[in-house]
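Heads up, the thing below is written out as structure tokens.
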2 protein chains.
Amino acid sequence: MSATAAGSDRRAEIIATGARLFAERGIAHTSIRDIGDAAGILGGSLYHHFRSKDDLVDLIHRGSTSALDQLYRDALSGTDNAAEQFVAMVHASFEMFDRYPEATVIYMNDRQYLAARPRFDYLRTAEERHHKLWRSVVVRGVRSGVFRPDLDAELTSRLVQDAVWITGRRWVRTSRARRSIDELAGATSKILLGGLTG
Amino acid sequence: MSATAAGSDRRAEIIATGARLFAERGIAHTSIRDIGDAAGILGGSLYHHFRSKDDLVDLIHRGSTSALDQLYRDALSGTDNAAEQFVAMVHASFEMFDRYPEATVIYMNDRQYLAARPRFDYLRTAEERHHKLWRSVVVRGVRSGVFRPDLDAELTSRLVQDAVWITGRRWVRTSRARRSIDELAGATSKILLGGLTG
DNA sequence: GTCTATAGCCCGATAGAC
DNA sequence: GTCTATCGGGCTATAGAC
């Protein structure tokens with residue numbers, strides 16, 4: 001249906017505009033009118049395409065969490081060695097940052113906005129689901145003797161997960177053009193892995 | 001003067017209430033009326049104590065940056081060994097998180113709010129000033145052979161500074177009672193330092 | 001599908017009584 | 001020093017014309 005297709009194009013364009021502005025200025029500081037202005041449409045008219053501002057926020061994040069689930073699954077299934085799994089998890093994370101840069105930045109910057117709304121609970125549960133994976137790699141590494149025996153699994157896994165995400169945010173915002181994700185993932189995993197094996 | 005002293009007490013009480021609410025819910029999501037309710041006063045009456053909401057935000061952060069300057073100065077002056085300086089910098093950071101927990105959390109969560117207002121430029125310049133210190137330790141460590149030679153100074157120093165702060169935020173919010181700052185700083189610096197010397 | 005126009009709400013801040 | 005009362009403005013979202 002051509003009407004639907006044309007509608008989808010406009011819709012996709014507006015989603016992209018909203019994602020860009022939300023990532024640049026934050027959700028709370030970007031009004032519906034701002035998005036309308038940037039998309040060449042009046043604020044009120046956006047409600048023909050979306051039911052609410054949060055629907056738009058939701059559309060930006062839908063897909064990214066399940067994509068990361070799949071990337072982490074692949075990262076863990078390739079090997080049984082904890083150090084190799086760790087490096088693969090770092091690379092998988094940066095692959096996601098590269099595919100969903102706006103969702104990455106918005107999630108990092110607007111945690112409080114998202115946490116205050118029950119409809120975005122799926123983002124928090126995804127983070128906890130992924131933390132269990134990071135934690136399992138740390139525990140396996142300690143048990144198998146690949147990582148140092150004195151690591152606190154909870155502290156270590158939180159630290160590496162947080163460090164990878166915050167490095168990803170910085171990269172998306174400041175140096176995406178200058179440095180490839182493989183370079184960055186390699187340098188990041190080398191530092192963090194050295195701390196676990198050292 | 002007793003009137004001034006009594007006024008200062010009330011003022012300090014309101015600052016503490018504002019700091020708590022800003023840290024819990026975020027600045028944008030905490031209204032003047034919210035602070036008034038929590039302090040047992042009407043919103044409008046707060047303007048007898050402060051000129052604006054941002055004045056209150058400012059009072060919460062004033063002092064913490066210069067205190068951190070001093071802590072870092074002391075950390076660096078104690079030794080010339082880069083590894084020891086690194087551990088001292090981590091400890092200094094957590095000392096600051098312990099002394100100014102609300103300022104720490106607000107700074108981490110409301111970066112966008114603060115970055116959008118010129119009056120809070122001093123927070124960003126402080127972060128850059130402190131980053132130069134982290135970077136100098138990394139560079140000194142590489143040059144003196146204490147750290148691995150292949151470290152990218154910019155990436156590494158950003159990573160450790162970010163990782164320390166985000167770990168501090170998590171600690172302030174979730175486990176301040178359960179774990180002392182010395183324990184946490186020790187575990188954190190051990191992991192990060194291992195990545196630099198590994 | 002986009003427009004005009006506005007309802008309804010919350011916000012920061014102010015004026016003046018007590 | 002706190003109150004009552006309110007101004008002026010921005011916001012999300014809606015109703016109905018075109």
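Note that the structure is a prediction, hence the values are computed from the model and not measured. Convention: sequence-line order gives letters A, B, ...; per-chain numbering from 1.
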Original post:
Residues in side chain to side chain contact (heavy atoms under 4.5 Å, CB included) with B:Y47, at least two apart?
Top reply: B:I32

Original post:
Does a side-chain heavy-atom distance below 4.5 Å link B:F147 with B:T156?
Top reply: no

**OP:** In whole angstrom, give the distance that lies between atom CG of A:D37 and atom P of C:dT2.
**Re:** 14 Å

Subject >> OP1 or OP2 of D:dT2 under 4.0 Å from side-chain N/O of B:H48 >> reply: no

Original post:
How close or far is atom P of C:dT2 from atom CZ of A:F50, stated in whole angstroms?
Top reply: 11 Å

Subject >> Heavy-atom side-chain proximity of A:N109 to A:R169 below 4.5 angstrom >> reply: yes

**OP:** Would you mind reading off the distance between B:H49 atom NE2 and D:dC3 atom P, rounded to a whole angstrom?
**Re:** 10 Å

**OP:** To the nearest Å, give me how far apart CG (A:L42) and C1' (C:dA5) are.
**Re:** 11 Å

**OP:** Report the distance from atom CZ of A:R148 to atom OG1 of A:T197, rounding to the nearest 0.5 Å.
**Re:** 8.0 Å

Original post:
Under 3.5 Å, side chain of A:W171 to main-chain N/O of A:I166, donor-acceptor pair present?
Top reply: no

Original post:
What string of B, S and - do you get for nucleotides 11-18 of chain D, 5' to 3', when a contact is any protein heavy atom under 4.0 Å?
Top reply: BBBB----

Original post:
Mind checking what makes ring pair (Phe, Tyr, Trp, His ring centres under 6.0 Å) contact with A:F22, not counting sequence neighbours?
Top reply: none

